[in-house]
Trainee: 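Before anything else, here's the structure in question.
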There are 2 protein chains.
Amino acid sequence: MNVVNESPRRKELTRLAAQLFVQEGFDRTTVRMLAQEMGIKSGSLFHHFRDKQEILAAVIEEGTQNALTLAHQALEECGDSADERLHAMARAHLQTLLTDRNAHVVALYEWRRLDAAARAHLSHLRDAYEELWERVIDEALAAGLIHGDRFLVSRFVMGALNWTVRWYDPEGARKPDDLAHELVAMITSSSRAS
Amino acid sequence: MNVVNESPRRKELTRLAAQLFVQEGFDRTTVRMLAQEMGIKSGSLFHHFRDKQEILAAVIEEGTQNALTLAHQALEECGDSADERLHAMARAHLQTLLTDRNAHVVALYEWRRLDAAARAHLSHLRDAYEELWERVIDEALAAGLIHGDRFLVSRFVMGALNWTVRWYDPEGARKPDDLAHELVAMITSSSRAS
DNA sequence: GGTTTACACTAGCGCTTGCTTGGTTGATCT
DNA sequence: AGATCAACCAAGCAAGCGCTAGTGTAAACC
């Protein structure tokens, strides 16, 4: 019987599922498609996951967990100034899009397909990540680096960043660091032109 | 037989479909649900639309068309300064979220469910809207109102604005004009605090 | 060396899906 | 008065859906 274990096989399957969910969307991805991609038959899939919902939850949990870890790490490694911390957060966010893009896209666009139980569980993770952003933005406000309403500014910034998954091309010339720098320059009152 | 006509009934059905697509998502909205919401039987639905895809296309087309019309109108009515034009665009965008929210959410989140033919047709409309934004941002750059990379700034702004559908509460205290003002203040180099 | 465990298979059940078919109604036009 | 037409309904088909039941097998464990 399957449980909610964390076998390495399950991790690999979750990664493959994320890719398919991005390509086709959760609802259009059938268990048979998932199984084929994984090289097994559809019945065998339910040895690893209780049901299709649990696969979605696993994908989103991993993606959000990674983003949170990376953001924490970035904040610890950077300097203390509000400017540096703002840069670090933006850079970390964009870097996860390179390493973990699929899981992120799923988290953003298939969130509503989670059932109530999974959503309750995962919203804590998501909130933790958003609160991290709000804290850094608070610091930037306090330091006089940016101005405006705390709530609105953080939403605008999150929107600008999350929207990047729609157009950002990892193969292109622009590096995550460039984007992070440009974004921070846009919202701070600096007057340097690029 | 049904054609791609523009009967008033069809418009009404499109509006109802938009609401259901937002509530449930396109894939989870069955033709039976749509029919019930419209007060008819599922078979009768195919008198008005060739297939389910066409309903989605109709919803998105209307929403985007309206947004484009409103933006054009706003630009004509406002002053000539880059600042005024920036404000006008932001205000128009947020106002459509009040009057036409459902269609917009569908356009943003169910775009990928369009088949290739519909997508090709509708992408022209969407591009026209985005180009309008880029033009206004170009003007703001030329006027020295904002700084940075033309492409990046417009993407960031579009992201911040489109993300509003996730958190903006039309019943709340914040009015579209407030948001528009705050957003423009954030990206321009003004140093006024609010 | 016997038992357990992890992982996979085959086969298919019960249900829902988008869509079709053939026919009925009431208003409008000639 | 007859013809036309948009709008609807009842019934159902073929395909696909998530998921289950029961079995096989090789490695791991006591």
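Quick note on labels: first sequence line is chain A, next is B, and so on, each numbered from 1. Owing to the predicted nature of the structure, the values given are computational and were not obtained by experimental measurement.
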Trainee: When the nearest nucleotide of DNA chain D is assigned to B:Gly43 and to A:Ser42 on a heavy-atom basis, which residue is associated with the more 5' position?
Mentor: B:Gly43
Trainee: Is there a donor-acceptor contact under 3.5 Å linking the side chains of B:Tyr129 and B:His93?
Mentor: yes
Trainee: Compare the minimum distances between each of D:dA10, D:dC17, D:dA7 and the side chain of B:His48, then state the nucleotide with the smallest one.
Mentor: D:dA7
Trainee: Is any side-chain N of the basic residue among B:Glu54 and B:Arg10 closer than 4.0 Å to the acidic one's carboxylate O?
Mentor: yes
Trainee: Ignoring the backbone of A:Thr30, work out which of C:dA8, D:dC9, D:dC17 is nearest its side chain.
Mentor: D:dC17
Trainee: Which nucleotide in the set D:dC19, D:dC8, C:dT17 lies at the smallest distance from any side-chain heavy atom of B:Arg32?
Mentor: C:dT17
Trainee: Could you tell me the separation between the CD1 atom of B:Ile40 and the P atom of D:dC8, rounded to a whole number of Å?
Mentor: 5 Å
Trainee: Decide, yes or no, whether a salt bridge links A:Arg174 with B:Asp149 under the criterion of side-chain N to carboxylate O below 4.0 Å.
Mentor: yes
Trainee: May I ask you to evaluate whether B:Ser44 reaches the phosphate of D:dA7, defined as a side-chain N or O under 4.0 Å from OP1 or OP2?
Mentor: no
Trainee: Just N and O in the side chain of B:His47: are any of them under 4.0 Å from OP1 or OP2 of D:dC9?
Mentor: no
Trainee: Would a distance-only check, ignoring hydrogens and angles, find a side-chain to backbone donor-acceptor pair under 3.5 Å from B:Ser123 to B:Arg119?
Mentor: yes
Trainee: Let me know the distance between CZ of B:Phe49 and P of D:dA6, rounded to the nearest Å.
Mentor: 16 Å
Trainee: Roughly how many Å is it from CD1 in A:Ile55 to P in D:dG18, rounded to a whole number?
Mentor: 9 Å
Trainee: Please check the phosphate of C:dT17 (OP1 and OP2 only) for any side-chain N or O of B:Arg28 closer than 4.0 Å.
Mentor: no
Trainee: Taking only Lys NZ, Arg NE, NH1 and NH2, and the carboxylate oxygens of Asp or Glu, determine whether A:Arg113 and B:Glu24 approach each other closer than 4.0 Å.
Mentor: no
Trainee: Hey, can you pull the donor-acceptor pairs under 3.5 Å for the side chains in residues 65-74 of chain A, sequence neighbours left out?
Mentor:
from    : atom 1 : to       : atom 2 : distance (Å)
A:Asn66 : ND2    : A:Asp100 : OD2    : 3.1
A:Thr69 : OG1    : A:Gln65  : O      : 2.8
A:His72 : ND1    : A:Leu68  : O      : 3.4

Trainee: Atom CG of A:Leu45 to atom P of D:dA21: distance rounded to whole Å?
Mentor: 17 Å
Trainee: To the nearest angstrom, how far is B:Glu54 atom CD from C:dG18 atom P?
Mentor: 16 Å
Trainee: Distances under 3.5 Å between protein N/O atoms and the N/O atoms of nucleotides 22-29 of chain D, please, pair by pair.
Mentor:
none

Trainee: Between atom CG in A:Leu34 and atom P in D:dC17, what is the gap in whole Å?
Mentor: 11 Å
Trainee: Is A:Lys52 touching bases, backbone alone, or none of the nucleic acid, heavy atoms closer than 4.0 Å?
Mentor: sugar-phosphate
Trainee: Using atom CG of B:Asp27 as one end and atom C1' of D:dG18 as the other, report the distance to the nearest whole Å.
Mentor: 15 Å
Trainee: Can you check the B:Asp51 CG to C:dT20 C1' distance for me, whole Å?
Mentor: 13 Å
Trainee: Can the ring centres of B:Phe151 and A:Trp167 be said to be less than 6.0 Å apart?
Mentor: yes
